[in-house]
Protein chains: 4
Amino acid sequence: MQSEKKEARREQKRRDILQRAEQIFARQGFHSTTMEAVAEECGWSKGALYLHFESKEDLFFSIIIEKVDQLGRTLEDALEQAEDIEQGIAALIQTQFDFFVSNNDFFQLVVSEQGKILHTSDTGMRESLIQKQHQHLEMISLALSKHFPEGSPIQALTLSRSILGSINIHTLSWLLAPLTIDLEQIKNELTELYLYGVKRHV
Amino acid sequence: MQSEKKEARREQKRRDILQRAEQIFARQGFHSTTMEAVAEECGWSKGALYLHFESKEDLFFSIIIEKVDQLGRTLEDALEQAEDIEQGIAALIQTQFDFFVSNNDFFQLVVSEQGKILHTSDTGMRESLIQKQHQHLEMISLALSKHFPEGSPIQALTLSRSILGSINIHTLSWLLAPLTIDLEQIKNELTELYLYGVKRHV
Amino acid sequence: MQSEKKEARREQKRRDILQRAEQIFARQGFHSTTMEAVAEECGWSKGALYLHFESKEDLFFSIIIEKVDQLGRTLEDALEQAEDIEQGIAALIQTQFDFFVSNNDFFQLVVSEQGKILHTSDTGMRESLIQKQHQHLEMISLALSKHFPEGSPIQALTLSRSILGSINIHTLSWLLAPLTIDLEQIKNELTELYLYGVKRHV
Amino acid sequence: MQSEKKEARREQKRRDILQRAEQIFARQGFHSTTMEAVAEECGWSKGALYLHFESKEDLFFSIIIEKVDQLGRTLEDALEQAEDIEQGIAALIQTQFDFFVSNNDFFQLVVSEQGKILHTSDTGMRESLIQKQHQHLEMISLALSKHFPEGSPIQALTLSRSILGSINIHTLSWLLAPLTIDLEQIKNELTELYLYGVKRHV
DNA sequence: CATGAATGAGACTTCATTCAT
DNA sequence: AATGAATGAAGTCTCATTCAT
């Protein structure tokens, strides 16, 4: 019991650090963010951070992994409900956008620090993240392929990637200039686009 | 005459540095790349770099701007030839992919160092680059809208962004695992997808 | 309690650095003195210096300001005791000389690095120091003017400046060739000189 | 003849450089002045400077020596004319002030770069300058002593140094705030002060 | 003579990480 | 467990001086 409580408190603190650090990393970028700043933001000392994370990189990647897993689970749940390709695509678009909007710090982190991820010397971590991303994609791809039309020249994998790429760029645009973009409208447009293409109304 | 030659040689050297630096920035990322390393790669001394670029940041952004402008011109030419929406989309996909493939160092740079761009303290540069990107998009959007079907619920801007987002993600996948991806095939799929959507063959 | 001790130790260390740095700046001049050298002299690492001073310039000016204030207070006390013009002039000469002799590192610093002070890009600091020097002078001038003879064509301000200028040059001569100069003698001569001029004994 | 002309032109150029460099050194200080800047100011290239001066230090000290000698000659002439102690002191004050005012760049240089002079690693140069300054002082001292009152407790050397020190500080004050100081008035006050002291009017 | 591109040693400063308290 | 003073490696940038043209 005693140790359970302790364990819980420790976990709580870890989460707290992760959340605060995510904000500050997102706002300033990995390199411009000092451990000093993270510590201050968390209300702890620098030393305390090192009781929970081995290094600045470890802290950084812990944030990413945490959220990537969360996104994966959320998406998986959403896609399971879909009964046809239309619902599948709509669910993907809706869920991924919503996740990015509610976790825009995370989104910004991933976009801004792609380089950190690709160039880290911790190759284990790098491979693991690329792997994770791949599984994420496969999961989506598999879910969509269940309702995929026969004889389509388009592969489910290509479709999935395309949709994700689109969502990324629209989210980024929205982050840079929120007022100029109506996300609800975009979601509808994208669903229409990926279902029927641009020539439906010709 | 004398000074012309000198000017030409100077320009030549500048280009040389830009090209070498692009490679090394792409390979290692902005922060992990030292001016020392760039200098060595160029076969010059550190000091020589500063004869052409005010700072490491200036060097970095000069690379980006150079290539972004080049891409803009290339794309504009390609889109002008298009006579209908099909040709327009195909041209966009073809040209942008080709540019990224032949300039994959540049592509990697942009993807990896998005954060550098977004978080630079040189706000003038930041605004200028975002502006440039916006114009790029507008240009594409305008070109496509010329052949756009009446009554489409999809805006040319949304379509353009979506296609660019897709190209980005596919290019990145290809860079990470070139053997698993047939780019020619992807180009065709994307053209099909954005013209007719996924339900054409239902 | 705990924090009091810490604060005291911190202050102690700051003072220690100031004192050691003063020596080395005086010996080598501002530009030739490296932070590395200061650190070594202090027995700390380079980084430790930056825990107490924002920059090399900050360290330098902190030394100056500290001592200038100290000199001001010392002089003010001495001048207050004077009951007539003779005592005033004698006190000024005695006190300022003594201060320079016991703080000859400081004196050398001010003489040698006048340029650093006049040309610093930190205009705030520059103005502040010139201001301080001015107040110093005004204070002396005021103190002397209390006992000033009526109808003198000489202003207290001119007298004060003149005495200070003389002290500077004699101190410098003494520093450069201590054995050739009897400071006690000089003090007496100067008192006589400023009281009665050179023609008294004609 | 040919070579005479050449020699003259060479000498002319040397003088030109000395004069321009004096200005810029005075304005910015020795360390902040780059050879690049001197070259530009002179309208020559950096390399050209090195045809006339061995190094930046050599250039700097050449300026000083040139002017110190000039001052020495000017002062010697003036003091020779003096027929009594009053004229001697008046001549010293008048001449030295005038020289500093017409050559205020030089004055500023000497004041600002005292440290450069005292701390130069070129000990030969340092000794030579200190020596020069000493001779300068001796010359003044000797000139004044000719008309010196018998039995004065004040040595000519002390008097000379004191006057020079006063002139330095008043010139500096005047340079920093020209409008607040009436130099003609100061000259008169100083003459009065050093002749009769402050108690004459008691 | 004159040039100015090139050099490269060297200085300041930052900051992740450690460890004595 | 928590702290934060201390470290020291590493990186950017400057600039006096040289030398091929």
Side-chain angles (χ1 to χ4, degrees), chain A residues 6 9-10 13 30-40 42-60, chain B residues 2-3 5-6 9-10 13 30-40 42-59, chain C residues 2-3 5-6 9-10 13 30-40 42-59, chain D residues 6 9-10 13 30-40 42-60:
Chain A
K6 264 193 186 172
R9 189 172 308 173
R10 189 180 156 77
K13 185 173 156 191
F30 178 82
H31 256 99
S32 304
T33 301
T34 65
M35 289 300 267
E36 183 82 39
V38 175
E40 195 166 347
C42 294
W44 296 94
S45 73
K46 259 179 302 174
L49 298 181
Y50 283 90
L51 295 175
H52 292 267
F53 303 93
E54 284 189 349
S55 67
K56 189 184 174 188
E57 267 202 344
D58 180 32
L59 170 57
F60 176 76
Chain B
Q2 192 64 346
S3 74
K5 233 189 217 162
K6 269 195 183 167
R9 187 173 305 182
R10 190 181 156 77
K13 184 175 158 190
F30 178 83
H31 262 101
S32 305
T33 302
T34 67
M35 288 301 265
E36 183 79 42
V38 175
E40 197 165 344
C42 294
W44 298 99
S45 73
K46 245 181 310 174
L49 299 181
Y50 286 91
L51 295 175
H52 294 266
F53 303 95
E54 285 188 348
S55 64
K56 189 182 172 186
E57 263 201 346
D58 182 31
L59 170 57
Chain C
Q2 190 64 349
S3 74
K5 233 189 219 164
K6 269 195 182 169
R9 187 172 306 183
R10 189 180 157 77
K13 184 174 159 191
F30 178 82
H31 262 100
S32 306
T33 301
T34 66
M35 289 300 265
E36 182 78 42
V38 175
E40 198 165 344
C42 294
W44 298 99
S45 73
K46 248 180 308 174
L49 299 181
Y50 286 89
L51 295 175
H52 294 266
F53 304 93
E54 284 188 349
S55 64
K56 189 182 172 186
E57 264 201 348
D58 182 31
L59 170 56
Chain D
K6 264 194 184 171
R9 191 171 307 172
R10 189 181 155 78
K13 184 171 157 191
F30 179 82
H31 256 99
S32 305
T33 301
T34 65
M35 289 300 266
E36 182 82 39
V38 175
E40 195 166 348
C42 294
W44 295 94
S45 73
K46 258 179 301 174
L49 298 181
Y50 283 90
L51 295 175
H52 293 265
F53 303 93
E54 284 188 350
S55 65
K56 189 184 175 187
E57 267 202 344
D58 180 32
L59 169 57
F60 176 77

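Scope of the values below: all heavy atoms of this structure, side chains included, with no hydrogens, waters or symmetry mates. Just so it is clear, the model here is predicted, and its values are computed rather than measured. Just so it is clear: chains get the letters A, B, ... in the order the sequence lines come, proteins before strands, and each one is counted from 1.
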Notebook entry, point to check: Distance from C/Lys6 atom NZ to C/Arg10 atom CZ, nearest 0.5 Å?
Noted result: 11.0 Å
Item checked: Least distance between heavy atoms, B/Lys46 atom then B/Ala39 atom -> N-CB, 3.6 Å
Notebook entry, point to check: Base, sugar-phosphate, or nothing: which does D/Arg9 touch, judged by heavy atoms less than 4.0 Å apart?
Noted result: nothing
Next item on the list: Locate the shortest heavy-atom distance separating D/Phe53 from D/Asp58; write the atom from each residue and the value.
Entry: CA-OD2, 3.4 Å
Notebook entry, point to check: Distance between the P atoms of E/dC1 and F/dT21, in whole angstroms?
Noted result: 22 Å
Item checked: Atom pair distance, as rounded to whole Å: CG in B/Asp58 and P in F/dT12 -> 14 Å
Notebook entry, point to check: Mind checking who F/dA1 pairs with, Watson-Crick or G-U wobble, both distances under 3.5 Å?
Noted result: none
Note to self: Can you measure A/Phe60 atom CZ to E/dA16 atom P for me and round it to whole angstrom units?
What the structure shows: 14 Å
Next item on the list: Give, for atom CE of C/Met35 and atom OG of C/Ser55, the distance between the pair rounded to the nearest 0.5 Å.
Entry: 7.0 Å
Next item on the list: Mind checking the NZ-CG spacing from B/Lys56 to B/Leu49? Nearest 0.5 Å is all I need.
Entry: 11.5 Å
Notebook entry, point to check: In whole Å, what is the span from the CZ atom of D/Phe53 to the C1' atom of F/dA16?
Noted result: 16 Å
Item checked: Sequence-aligned protein contact record of nucleotides 6-11 of chain F, with B where the base is within under 4.0 Å of a protein heavy atom and S where only the sugar-phosphate is -> BBB-BS
Check: At what distance, to the nearest 0.5 angstrom, does CZ of D/Phe30 lie from CD of D/Glu57?
Finding: 5.0 Å
Next item on the list: Please report, rounded to the nearest Å, how far the P atom of E/dT18 is from the OH atom of A/Tyr50.
Entry: 7 Å
Checklist line | Length of the line joining D/Glu57:CD and F/dC15:C1', which is rounded to integer Å | finding: 15 Å
Margin query: Measure CD/C/Glu36 against P/E/dG10 and give the value in whole Å, please.
Written below: 12 Å
